[in-house]
Protein chains: 2
Amino acid sequence: MSLRSLGVELHCRCIQTESRPIGRHIEKVELIPANSHCEETEIIATLKKDGQEVCLDPEAPWVKKVIQRIMANKKR
Amino acid sequence: MSLRSLGVELHCRCIQTESRPIGRHIEKVELIPANSHCEETEIIATLKKDGQEVCLDPEAPWVKKVIQRIMANKKR
């Protein structure tokens with residue numbers, strides 16, 4: 001049995017990130033800190049409409065604002 | 001078939017939040033913005049050790065710092 005078959009990720013999950021500001025369409029956001037399998041922080045947003053998972057760029061100003069807005073509990 | 005049986009949450013997921021600063025033990029963090037089912041932002045951390053899910057207080061200074069550190073891609 002491999003680690004992968006146990007659902008353990010051994011690499012980065014994001015290949016490309018969404019460039020359009022889709023903050024209003026986000027249902028939830030997953031933040032995955034850098035770890036031994038991926039040296040970059042990964043941000044994966046789940047969309048309200050269809051539950052699609054989209055990777056976001058932690059460096060993008062609009063992404064930082066979305067996270068800040070969620071943390072501040074501000075309505076979208 | 002109820003919405004709940006489809007995995008749709010109709011209420012807040014967090015009952016209580018972790019008060020101890022457990023930043024170093026976090027594998028990933030889920031941010032759930034306020035929505036029609038829960039008027040508060042919810043933060044659910046998954047622990048490295050056992051995959052346990054723990055709710056964090058979005059207002060707690062140490063929680064804000066953990067999120068900032070992840071966004072800045074700083075090693076723990």
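All values reported here derive from a predicted model rather than from experimental measurement. A note on names: the letters A, B, ... follow the listed sequences, proteins ahead of strands, and every chain is numbered from 1.
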Discussion item. Tell me whether B:Glu42 contacts the main-chain N or O of B:Arg13 through its side chain, where contact means a donor paired with an acceptor under 3.5 Å.
Written reply: yes
Worksheet item: At their closest point, which heavy atom of A:Glu39 faces which heavy atom of A:Cys12, and how far apart are they?
Response: N-SG, 4.4 Å
Discussion item. Looking at A:Thr46 and A:Glu27, would you say the former's side chain and the latter's main chain have a donor-acceptor pair under 3.5 Å?
Written reply: no
Item to complete: Could you tell me which residues in residues 49-63 of chain B have at least one non-hydrogen atom under 4.5 Å from a non-hydrogen atom of chain A, sorted by residue number?
Response: B:Pro58, B:Val63
Item to complete: Side-chain contact test, heavy atoms from C-beta onward, threshold under 4.5 Å: evaluate it for A:Asn73 versus B:Glu40 and give yes or no.
Response: yes
Fill in: Contact class of B:Ile44 relative to chain A, heavy atoms under 4.5 angstrom
neither
Item to complete: Side-chain contact test, heavy atoms from C-beta onward, threshold under 4.5 Å: evaluate it for A:Gln68 versus A:Ile70 and give yes or no.
Response: no
Response to the item:
Between B:Val66 and B:Ile26, the two heavy atoms sitting closest are CG1-CD1, 4.2 Å
